[in-house]
Amino acid sequence: MMRINVTRSALPPMEEYINEIAPLWDSRWLTNMGEKHKTLEKMLQEYFNAPNVTLFANGHLALEAVLTSLGLTGEVITTPFTFASTTNAIVRCGLKPVFCDVDPEYYTMDPKKIEALITPETSAIVPVHVYGTICDVEAIEAIAQKHGLKVVYDAAHAFGVRKNGVSAACFGDASIFSFHATKVFHTIEGGCVVYSNEKLRQTLNQIKDFGLAHAEIVIPGGNAKMSEFHAAMGICNLRRIGDYIQQRRQVTERYRANLAGVRGMHLMKEQDGVEPNYAYFPVIFDGAKLTRDEAADRLASHDIFARKYFYPLTNHCPAYGFRGDETPIAKNVSERILCLPLYPELAMEDVDKICEIVCG
Ligand SMILES: *Cc1c(COP(=O)(O)O)cnc(C)c1O
């Protein structure tokens with residue numbers, strides 16, 4: 001059997017990509033917001049049914065750019081149950097992350113615990129739609145309104161997810177997506193900001209292009225532009241996103257059929273009114289035959305690599321002097337959770353074999 005990783009990047013047929021990039025040999029316009037960049041931005045706007053989309057070189061820089069463009073200061077309430085990028089972006093923007101615990105069912109920020117963390121220094125809430133699960137956006141919106149806070153969602157996992165027909169891109173003041181090769185939709189490396197206030201566009205575009213406006217430096221920007229080759233990959237993948245999500249759904253249903261009801265294994269609940277993207281398949285090991293770590297080791301001995309995603313928590317970070325004791329539920333989840341391999345081309349026999357191994 002071949003090595004199986006937790007994910008495997010989807011790719012369009014090679015000819016399709018070659019056709020997409022062929023015009024670049026004539027135009028010689030390889031980056032700096034060319035035709036492919038413009039086309040992808042427009043396609044995404046339609047896909048999200050959102051008014052404003054700005055592309056970036058990756059999701060992390062998209063998040064840093066939007067935090068900067070909103071002029072945030074002081075403290076930001078966020079979740080530790082996420083990828084390093086969320087917390088790093090907050091710290092790198094000179095803001096202080098204040099960690100809120102998560103909901104025990106869905107692992108997203110628990111809105112009941114937000115208000116106790118608000119101080120006069122708080123300027124924003126940065127929740128994460130972890131595994132593509134939509135946060136309690138209504139409760140978060142109400143708290144933000146009441147206290148005059150901005151809301152920026154890290155929607156890196158939530159591409160294609162809709163709640164009551166509304167795209168995950170359309171909540172809060174802004175959302176960021178990652179288009180990294182490992183994500184449901186990718187541009188190899190890439191990302192974007194989706195936002196409600198059109199006035200952010202100019203600042204976001206300046207931040208990703210050295211802070212320049214007509215050759216003059218107006219803001220200390222960096223370089224976070226998406227190249228034409230990356231945008232072209234996005235154009236090809238966006239055409240096929242429906243198929244990718246459908247294939248992921250079949251894999252997910254096989255996992256659910258095999259693992260539902262197994263003692264000591266908790267599968268993530270499906271959300272009412274939410275159209276999922278089947279991005280991840282997390283399993284909580286709590287009193288099962290194997291512990292999480294034993295299950296991961298046994299898989300590895302068969303050349304199958306699941307991921308302890310998210311372990312450790314980002315507030316359990318010695319480099320930042322964080323200890324992680326303030327979020328006991330997140331800590332408990334992170335010690336028991338394992339994301340099983342999931343990607344469009346994963347064979348059903350392999351899903352069955354993975355299930356057999358983790359059941360011990
Ligand atoms: C992937 C990811 C990011 C970072 O995106 P990049 O495109 O890799 O920079 C940020 N947040 C979360 C939750 C992610 O999973």
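In listed order, ligands and their atoms are each counted from 1. Reckoned from all heavy atoms, side chains included, excluding hydrogens, waters and symmetry mates. Heads up: numbering here begins at 1 and tracks the sequence.
Between R336 and the options D293, V283, D286, T291, a side chain to side chain contact (heavy atoms under 4.5 Å, CB included) holds for only D286.
A donor-acceptor pair under 3.5 Å is formed between the side chain of N277 and the backbone N or O of F159.
Within the 4.5 Å cutoff, the side chain of V128 has no heavy atoms near those of the F81 side chain.
Separation of the F310 and Y107 ring centroids does not fall under the 6.0 Å cut-off.
Across E228 and T31, no two heavy atoms sit closer than the pair CG-N, 3.9 Å.
Contacts of ligand 1 (protein heavy-atom distance under 4.0 Å) are N58, G59, H60, T82, F83, S85, T86, D154, A156, H157, S178, H180, K183, G190, Y309.
Taking a cutoff of 4.0 Å between a charged side-chain nitrogen and a carboxylate oxygen, R292 and E335 do not qualify as a salt bridge.
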